Amino acid sequence: MAKATKKQALGRGLSALLKDPENDIKSVEDKNADKVVGNIIELELDSIDVNPFQPRTSFNDETLRELATSIKEIGVIQPITVRKLDFNNYQLVSGERRFRASKLVGLKTIPAYIRIANDQESLTMALVENIQRQDLDPIEIALSYQRLIDEINLTQEQLSDRVGKKRSTIANYLRLLKLDPIVQTGMRDGFISMGHGRALINIEDQLQQLDIYEKVIGKSLSVRDTEKLVRSLNNGTEDTGKETSSKQLPKDIAKGVKDFSDYFGAKIDIKVTSKGSGKLIIPFTSAEDFKRIKKLIDSER
């Protein structure tokens with residue numbers, strides 16, 4: 001505890017140094033730069049601007065509130081990273097969620113690492129650091145990779161070394177940007193996964209791609225079902241996308257499955273053995289969807 005207090009006090013001391021016009025640090029060569037650059041310093045939130053290079057374009061309100069509650073209780077555990085623009089003026093490199101959550105709970109200052117970098121270096125740092133995050137959606141990651149390639153003039157091989165990912169992984173993300181914008185939006189909103197997106201890429205015709213996308217959403221098709229549907233379309237054969245163990249079901253069973261699907265509002269899967277026994281599989285997409293289905297079953301008791 002004493003160590004943490006000492007570190008916090010040091011941050012406040014450096015904050016005073018930064019507010020002294022006679023010690024305005026503009027490069028790593030300036031006096032006292034070594035005391036500031038790379039150290040944790042308490043900065044006023046009002047002195048920090050949002051980074052225009054931030055690859056994240058949307059923030060989940062619920063998770064942001066949860067983070068704000070945590071910060072209110074225990075403070076900011078992981079410092080943000082900023083670069084110095086001018087006297088007492090900084091720009092975010094990474095940590096915008098922590099920055100937004102801190103503002104949400106009314107904090108005046110936030111612990112920050114200070115870097116001095118030009119715009120290109122800032123872009124590189126922001127993109128590379130944010131790509132490593134676990135909560136970026138596949139399209140955000142793909143866009144970040146594309147910006148590094150376009151604006152920093154990196155090859156896919158150089159990008160692979162920079163972010164520590166296989167070249168094939170980077171190529172798979174970049175291919176997602178060829179999807180129709182509506183499909184990309186669906187992936188960003190969590191309606192489909194990256195696996196679904198990779199399957200849909202194989203449909204060149206945009207209208208057909210959107211048609212299959214609607215079927216995937218409407219029938220809650222799995223990635224495997226989607227791949228089958230795409231293959232059948234490209235091969236010119238008809239396939240409903242339903243995976244069953246029997247190619248032709250008896251009419252009464254087939255009608256029953258349809259009735260089940262209509263009732264539960266989900267694609268009911270059926271497995272039938274040669275002896276006529278089998279099982280029904282009722283899929284759900286979330287905890288709320290599970291509760292909805294359970295409520296329907298309970299109402300029939």
Side-chain angles (χ1 to χ4, degrees), residues 38 51-60 63 78 80-81 83 92-98 113 115 117-206 208-210 212-213 216-217 221-235 241 243 285:
N51 188 350
F53 299 135
Q54 164 66 271
R56 180 185 300 282
T57 55
S58 61
F59 293 84
N60 184 286
T63 58
Q78 182 182 357
I80 63 172
T81 301
R83 72 182 184 107
L92 271 173
V93 172
S94 63
E96 187 165 345
R97 287 184 71 249
R98 278 160 279 159
Y113 289 109
R115 290 182 175 176
N118 60 32
D119 284 351
Q120 189 180 70
E121 288 169 340
S122 181
L123 172 60
T124 304
M125 286 188 293
L127 294 175
V128 172
E129 290 192 30
N130 277 282
I131 284 169
Q132 308 304 327
R133 299 183 61 86
Q134 296 298 314
D135 52 354
L136 284 179
D137 66 63
I139 297 300
E140 285 176 317
I141 293 175
L143 288 169
S144 297
Y145 285 155
Q146 192 63 57
R147 289 192 68 183
L148 281 166
I149 289 172
D150 292 343
E151 299 184 40
I152 312 299
N153 296 319
L154 295 177
T155 64
Q156 286 192 21
E157 200 66 44
Q158 291 170 328
L159 182 56
S160 172
D161 294 335
R162 186 70 65 92
V163 300
K165 300 289 184 181
K166 292 182 179 178
R167 186 178 178 279
S168 58
T169 299
I170 291 171
N172 284 331
Y173 274 104
L174 291 174
R175 290 183 69 215
L176 297 177
L177 299 179
K178 296 180 181 179
L179 290 167
D180 184 276
I182 293 177
V183 180
Q184 291 187 37
T185 301
M187 193 179 303
R188 301 192 73 168
D189 291 340
F191 292 116
I192 61 172
S193 68
M194 181 176 177
H196 289 102
R198 289 181 61 183
L200 292 171
I201 288 172
N202 295 309
I203 304 174
E204 294 184 3
D205 185 277
Q206 297 283 61
Q208 288 184 328
Q209 190 181 99
L210 289 174
I212 298 298
Y213 168 71
V216 170
I217 299 296
L221 297 183
S222 66
V223 172
R224 187 175 177 184
D225 287 342
T226 304
E227 291 171 344
K228 285 183 61 180
L229 194 55
V230 170
R231 281 197 301 270
S232 69
L233 177 66
N234 288 335
N235 291 335
E243 183 181 12
T285 58

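Side-chain atoms are counted along with the backbone in the values below, which use heavy atoms only and exclude waters and symmetry mates. The structure presented is a predicted model; accordingly, all values stated were derived computationally and were not measured.
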K.L.:
Which atoms form the tightest heavy-atom contact between H196 and S222, and what is the distance?
P.N.:
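Heavy atoms only, the tightest pair is NE2-C, 3.5 Å.
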K.L.:
Taking side chain to side chain contact (heavy atoms under 4.5 Å, CB included) as the criterion, tell me which of L210, L229, I212 meets it with I203.
P.N.:
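That would be I212; it is the only one of L210, L229, I212 passing the side chain to side chain contact (heavy atoms under 4.5 Å, CB included) with I203.
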K.L.:
With sequence neighbours left out, what residues match T185 under side-chain hydrogen bond (donor to acceptor under 3.5 Å, both in side chains)?
P.N.:
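Scan of T185 (side-chain hydrogen bond (donor to acceptor under 3.5 Å, both in side chains), adjacent residues dropped) gives none.
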K.L.:
Show the atom names and distances, to 0.1 Å, of all donor-acceptor pairs under 3.5 Å that link a side chain in residues 166-180 to residues at least two apart or in another chain.
P.N.:
residue, atom, partner, partner atom, Å
N172, ND2, S168, O, 3.3
D180, OD1, I182, N, 2.8

K.L.:
Dump the intermediate steps for side-chain contact (heavy atoms from CB on, under 4.5 Å) on R97 and T63, then the final yes or no.
P.N.:
CA-CA 9 Å; R97 287 184 71 249; T63 58; 3.8 Å; yes
K.L.:
Which is it for I80 and Y113 under the side-chain contact (heavy atoms from CB on, under 4.5 Å) test, yes or no, and what are the steps along the way?
P.N.:
CA-CA 6 Å; I80 63 172; Y113 289 109; over 6 Å; no
K.L.:
Please report the interatomic distance CD(Q184) to CD1(I139), rounded to the nearest 0.5 Å.
P.N.:
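The distance works out to 4.5 Å.
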K.L.:
Got a donor-acceptor contact below 3.5 angstrom from the R98 side chain to the Q78 backbone?
P.N.:
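Pair found, side chain donor or acceptor close to backbone of Q78.
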K.L.:
Can you see which heavy atom on L154 is nearest to which on Q158, and at what distance?
P.N.:
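Here L154 and Q158 meet closest at CA-OE1, 3.4 Å.
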K.L.:
Taking all heavy atoms of I217 and all of F191, pick out the closest pair and write down the distance.
P.N.:
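Between these two residues, the closest heavy atoms are CD1-CB, 3.5 Å.
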K.L.:
Is there a donor-acceptor contact under 3.5 Å from the side chain of E227 to the main chain of A199?
P.N.:
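No, the answer is negative, given that no donor and acceptor are paired below the 3.5 Å cut-off.
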